[in-house]
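Residue numbers start from 1 in every chain, and the chains themselves are labelled A, B, ... in the order their sequence lines are given, proteins ahead of strands.
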Amino acid sequence: MFQKYDHRKIESKWQSFWEENVFYKVFEDEKKPKYYALEMFPYPSGNLHMGHVRNYAIGDVIARYKTMQGYNVLHPMGWDAFGLPAENAAIKNNVPPAQWTYSNIDNMRGQMKSLGIGYDWGREVTSCRPDYYKFTQWIFLKLYEQQLAYKKAAAVNWCPACQTVLANEQVVEGHCERCESPVEKRHLEQWFFKITDYAQRLLDDLDLLTGWPDKVKVMQKNWIGRSEGCEFSLEIEDFGEKITVFTTRPDTVFGVTYMVLAPEHPLAERLVSGTPYENGVSSFLENIKSISAITRTSGDIAKEGVFTGRYAINPMNGERIPIWLANYVLMDYGTGAIMAVPAHDQRDFEFAGKYNIPVRVVIKGEDFPEEDVRLTEAYLGDGQMVNSGLFDGCTAEEGKKKIIAYMENNQIGRGSVNFRLRDWLISRQRYWGAPIPIIYCPVCGAVPVPESDLPVLLPEDVEFKPNGKSPLNYVADFYKCACPVCGQEARRETDTMDTFVCSSWYFERYCSPHTADVPFSKKAADYWMPVDQYIGGVEHAILHLMYARFFTKFLYDQHMLSCQEPFSNLLTQGMVLKDGSKMSKSKGNVVSPEEIITAYGADTARLFILFASPPEKDLEWSDQGVEGAFRFLNRVWRLVGEYAELIQDGGQSSGGFEDNESGALRYKMHAVIKKVTEDVQERFNFNTAISSIMEFCNALNGYREHERHNLPLIKEALNNLVLLLSPFSPHICEEMWRLLGHEDSVHQQAWPVFDPEALIQDQVEIVIQISGKVRDHITVSSQADEKEIENLALARPKIKEILRNKNVVKVVIVPKKLVNIVAKQAEESEKSI
RNA sequence: GCCGAUGUGGCGGAAUAGGCAGACGCGGCGGUCUCAAAAACCGUUGGAUAACUUCCAUGCCGGUUCGACUCCGGCCAUCGGCACCA
């Protein structure tokens, strides 16, 4: 008699076995095709949540499946271990961030092992360890060498709660991405990475990413925000200076009736100083400053402006146009100044309406009376140029090109391109991050730390109270140093790097995690990179994925990598919900993975989470659903257990006879192999793959009811059942594989292959429709030709009955599927004749 | 406002190239076993109808087609991204 399914015993047994045998260790093997499966490495918050479980379960199925398909699979895991929560916990509990972080890592590593995820733990990477951040700093130095890391004073996003600056990408609707406090603007000197130099490539190469969801590519495209147009300068009357503007609509340049500078524009105050307009302008600027931080980010605000009393000259027609300041022009896009064309730009139209500025139509659409300038809104459509001198009659599209050419020939301006993407602000005024490897010398200025002095170690014994300055400011042992160039007493940079810097290259480190002289070996990276399948939450669609692409392109340019894109295929998994909303402590709807694993086992948890929904969609947690998955594993267990002994001794002697039931089972077996293979490989639809394994199990249970058993067939079917299920629920399958008499691991077997011959049926069921509605079914030989099928269908008594008093107009036949008889009422068709 | 996605039983979801709507699982109902219950197993389960039957059903309205969850046009709702980007 076989034993009850004891998930605890089975899972701990095989977890130890895999660990003791270093089962998932991989190395570069030129004889095998490689496959790199990667899940986003987690922040070590302390415990896995269901989102992690889902992420790793998906990755593990893919990794195990590819291994069985004969690939040499790299499947690593690590820790995105720098960051604010460690500091906050440290402040709260008075535990050093390092200690907090490392103990969380130990705990979470244990949880991952208890899920039975097949990682090569020999490649574990931890971004807060000196052997890792040494190379984060090393890459910083390379960027600095190429002038892609630079320091500048700028208006930056400041989170008052986190007491640090944030990158543009970390500001969501004016609020801190992490703590949701409203973000303020501060003028500070900070380190930036010049990601804008890569804007065009980051945009163009999205086309190479055929394995990415369109949704993510569109988000990145919008974030990069390329617009094409031109820049030109306007002379300021009686001022002796010029203002440069950027526009995407040079075709409307004859429609300019005013121009606008951003309130922060350096010329703004100088234009009015000593003029009667000075007071008006400065009170306007004061006003803007006081509301801008909060209100300018939150929803619609009315357009407001002030006239400077100054005029500029439109270089195309010599017209004098008034210069305004207005709140709707942003300093950090384009040149911070615009030409305003109220007739053809809605914002300018609204502003002109409010301040009684003329509107001049210069693009005439179809059915658009030339005289009528009383527009109710800006005209944004295509049309012919009018009121535009030499250019009258051109289409807007031609006009753009011609005017740019004219400006270039007459040295008025030039074609140019603008991006919304800003440089990446990487300084953080916090402790728990990789120190920026720069030294400030009173004589030599900013000096990079020599490569041989890396890593710049983060001191461990530190007071880490946040007060807007990095805690490293108060650690003399840290900041006091000698200038590497002249030897004078100097001071280290005390800001640390944004944690997104650390996570922008970890997938390359996995390729050779122990190299000590370079971030990763080129040879190993050439073998493993790019990542064949990356899996993670869609919340990283912009931040992490953009930064990681940027780093990969930079490292490619440094000849350290041979690929230009890090991730060939991307799967963005949905969230795990409970009662319709995301699991969170505040809502009290959290289901802990540990509890589920203890009660039902990792195999059940994984099976449920993969079965409940396709991976891209959100998943609704269901306790009953988990029970269902558990029941299914119990059914499989019993099925295998009950047959195991029979097969062991009787498998060979009992004949391989073929009756109808056996034929049906054989057919089902091959159909299921085909279905599961396609679902896993081509669509990642694990839910339907599992459902067809369930069907197969049901079929096997049904077959058991019959009196005669074809034991060799059953043996084959059970072997295949266990093989197909093994990527999803690895422990129970490992155990059942041994019960079926095998000596080796199920996870090292070849994936089953279906036999197309076995899927050819001599009889097929065909649907009979009358005018598109199903009325009957017939079973015919799969060889039957169309005429035969038609005759058989028309001969069915039920069909005859329905067709009485009707004329058959047409018969449509789809081979092996259906026959549709189109019929009309007899009277009607007579009438129509 | 712009861009994108989604909408199917009581629930999660299936229908992969326009061809049987509701696979598989959950829940419900009925049964077997049991002193009883749980577990397990078997049957049943979109709605309407007494019904073999028939009719109605894939957010709503229309269209194309022999045939539409699937394609086209127009709405509605929900979710996500961006949001004065010149």
Side-chain angles (χ1 to χ4, degrees), chain A residues 172-174 213-223 225-227 229 245-249 252 259-260 262 296-297 299-303 326-330 332-341 344-348 350-351 418-422 538-539 541-542 575 577 607-608 611-614 616-629 631-632 634-635 638 675 678-679 682-683 685 687-698 701 705 765-777 798 809-814 816-823:
Chain A
V172 178
E173 290 174 358
D214 286 339
K215 176 174 65 170
V216 174
K217 288 192 278 187
V218 167
M219 279 192 232
Q220 293 220 348
K221 192 177 170 212
N222 292 341
W223 192 264
R226 182 183 199 272
S227 11
V245 298
F246 170 75
T247 181
T248 55
R249 294 295 304 273
T252 64
M259 65 175 297
V260 186
R296 265 176 112 177
T297 48
D300 281 325
I301 50 162
K303 291 179 178 49
N327 61 354
Y328 74 98
V329 173
L330 310 171
D332 57 359
Y333 182 77
T335 62
I338 61 156
M339 66 175 216
V341 184
H344 304 295
D345 181 289
Q346 187 57 28
R347 294 154 302 180
D348 298 345
E350 285 166 25
F351 190 81
N418 251 293
F419 294 95
R420 283 193 33 187
L421 184 71
R422 303 293 138 78
V538 72
E539 65 273 16
I542 296 170
M575 289 187 299
L577 310 177
L607 191 73
F608 165 71
F611 176 64
S613 179
E616 303 87 350
K617 279 201 178 176
D618 287 349
L619 179 155
E620 178 67 33
W621 184 266
S622 149
D623 291 332
Q624 283 108 347
V626 177
E627 301 235 16
R631 275 203 288 273
F632 169 68
N634 273 285
R635 276 203 294 278
R638 275 199 304 276
K675 169 83 176 149
E678 287 170 358
D679 279 353
E682 284 154 35
R683 309 195 301 154
N685 279 12
N687 55 333
T688 52
I690 293 167
S691 80
S692 56
I693 296 173
M694 288 172 169
E695 283 181 52
F696 186 33
C697 181
N698 293 345
N701 264 323
E705 304 295 311
E765 193 181 54
I766 284 187
V767 172
I768 306 175
Q769 296 182 338
I770 291 176
S771 302
K773 294 201 170 182
V774 180
R775 297 298 175 186
D776 204 359
H777 295 84
K798 198 172 156 191
V809 180
K810 189 176 172 184
V811 178
V812 181
I813 293 175
V814 182
K816 296 181 189 175
K817 270 202 179 133
L818 67 79
V819 37
N820 186 12
I821 300 159
V822 186

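As rounded to the nearest Å, B:rA15 and B:rG59 have P atoms that lie 16 Å from one another. Straight-line distance between the C1' atoms of B:rA37 and B:rC52: roughly 40 Å, to the nearest whole Å. When the C1' atom is compared between B:rG30 and B:rC75, the two are found 45 Å apart, to the nearest whole Å. Separation of the P atoms belonging to B:rA14 and B:rG22 is 15 Å when rounded to the nearest angstrom. Taking atom C1' in both B:rA50 and B:rG13, one finds a spacing of 34 Å when rounded to whole Å. Going from the P atom of B:rU54 to that of B:rC60 covers 25 Å, rounded to whole Å. Between B:rA68 and B:rG62, the two P atoms lie 14 Å apart (nearest whole Å). Taking the C1' atom of each, B:rG46 and B:rA23 are spaced 15 Å apart, rounded to whole Å.
Atom pair A:Asp623:CG and B:rC11:P shows a separation of 18 Å (rounding to whole Å applied). Distance, A:Leu577 CG to B:rG12 P: 11 Å, rounded to whole Å. Taking atom CG of residue A:Asp214 and atom C1' of nucleotide B:rG4, one finds them 10 Å apart after rounding to whole Å. Going from atom CG of A:Leu818 over to atom P of B:rG19 covers 9 Å, rounded to whole Å. Atom NZ in A:Lys773 sits roughly 12 Å away from atom P in B:rG67 (whole-Å rounding). For A:His777 and B:rC20, the NE2 to P distance is 9 Å, given to the nearest whole Å. Taking atom CD of A:Glu620 as the reference point, atom C1' of B:rU8 lies 17 Å away to the nearest angstrom. The nearest whole Å value for the distance from the CG atom in A:Asn222 to the P atom in B:rC3 is 10 Å.
Picking from B:rA15, B:rA86, B:rG13 the nucleotide with the shortest atom distance to the side chain of A:Arg683 gives B:rA15. Side-chain proximity of A:Ser691 to the nucleotides B:rA86, B:rG19, B:rC24 is greatest for B:rC24. Listed nucleotides B:rC20, B:rU54, B:rG12 differ in distance to A:Ala612; the shortest reach to its side chain belongs to B:rG12. Here B:rC41 is the nucleotide among B:rG81, B:rC20, B:rC41 with the atom lying nearest to any side-chain atom of A:Arg638. With B:rC24, B:rA86, B:rA21 as the choices, the nucleotide that has an atom nearest any side-chain atom of A:Val774 turns out to be B:rA21. Each of B:rA86, B:rC66, B:rA15 was ranked by its minimum atom distance to the side chain of A:Thr247; first place goes to B:rA86.
Residue A:Arg631 places at least one side-chain N or O closer than 4.0 Å to OP1 or OP2 of B:rC26. Applying the 4.0 Å criterion to OP1 and OP2 of B:rG25, one finds that A:Asn687 has every side-chain N and O outside that range. Considering only side-chain N and O atoms, A:Arg420 lies under 4.0 angstrom from the phosphate OP1 or OP2 of B:rA83. A close approach under 4.0 Å does occur between a side-chain nitrogen or oxygen of A:Ser227 and OP1 or OP2 of B:rA86. When the side-chain nitrogen and oxygen atoms of A:Lys810 are compared with OP1 and OP2 of B:rC66, one or more of them lie within a distance under 4.0 Å. Within the structure, every side-chain polar atom (N or O) of A:Arg635 is placed at least 4.0 Å from both OP1 and OP2 of B:rC24. The phosphate of B:rG25 (OP1 or OP2) has a side-chain N or O of A:Asn698 nearer than 4.0 angstrom.
The residue A:Val218 sits close only to the backbone: its heavy atoms come under 4.0 Å of sugar-phosphate atoms, none of a base. Note on A:Glu695: only backbone sugar-phosphate atoms sit closer than 4.0 angstrom, heavy atoms only; bases stay farther off. At the heavy-atom level, A:Arg775 lies under 4.0 Å from the strands shown only through sugar-phosphate atoms. The residue A:Val767 sits close to a base: some heavy atom pair falls under 4.0 Å. Among the protein residues, A:Asn634 comes within range of no part of the nucleic acid, since none of its heavy atoms lies under 4.0 Å from any strand. Nucleic acid contact for A:Gly225: none, since no nucleic acid atom lies under 4.0 Å from a heavy atom of the residue. If you check every strand for non-hydrogen atoms under 4.0 Å, A:Glu627 touches nothing.
Between A:Trp621 and A:Phe608, the two ring planes are perpendicular [angle over 60°; tilted spans 30° to 60°].
Applying the 3.5 Å distance criterion, the base of B:rG1 shares no donor-acceptor pair with the side chain of A:Gln346. Side-chain to base pairing of A:Lys817 with B:rC20: no donor and acceptor N or O lie closer than 3.5 Å to each other.
Classification of B:rG9 as syn follows from a glycosidic angle within 90° of 0.
Judged purely by atom type and a 3.5 angstrom limit, A:Asn820 uses its side chain to pair as donor or acceptor with the backbone of A:Ser771. Remark: the backbone N or O of A:Ser613 is not paired with any side-chain donor or acceptor of A:Asn687 at under 3.5 angstrom. Here the side chain of A:Asp348 pairs a donor or acceptor atom with the backbone of A:Val341 at under 3.5 angstrom. In this structure, A:Lys798 contributes its side chain and A:Arg775 its backbone to a donor-acceptor pair below 3.5 Å. At distances below 3.5 Å, not a single donor-acceptor pair connects side-chain atoms of A:Asn685 with backbone N or O atoms of A:Pro614.
Searching all strands for a Watson-Crick or G-U wobble partner of B:rA5 with both distances below 3.5 Å returns B:rU78. Across every strand in view, B:rU54 sits in a pair with B:rA48 that passes the Watson-Crick or G-U test at under 3.5 angstrom.
Checking A:Ile768, A:Ile813, A:Val767 one by one against A:Leu818, the side-chain contact (heavy atoms from CB on, under 4.5 Å) holds for a single residue, A:Val767.
Map A:Ser613 and A:Lys215 each onto its nearest nucleotide of RNA chain B; the residue landing nearer the 5' end is A:Lys215. Closest-nucleotide positions on RNA chain B for A:Ser771 and A:Ser622 were compared, and the one nearer the 5' end corresponds to A:Ser622.
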Please evaluate residues A:Arg422 and A:Asp332 with respect to the criterion salt bridge (charged side-chain N to carboxylate O under 4.0 Å, His left out), reporting the C-alpha separation (whole Å), side-chain torsions for both, the decisive distance (0.1 Å), and the verdict. CA-CA 9 Å; A:Arg422 303 293 138 78; A:Asp332 57 359; 3.2 Å; yes
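Looking at A:Ile770 and A:Lys773, their side chains never come closer than 4.5 Å, going by heavy atoms from C-beta outward.
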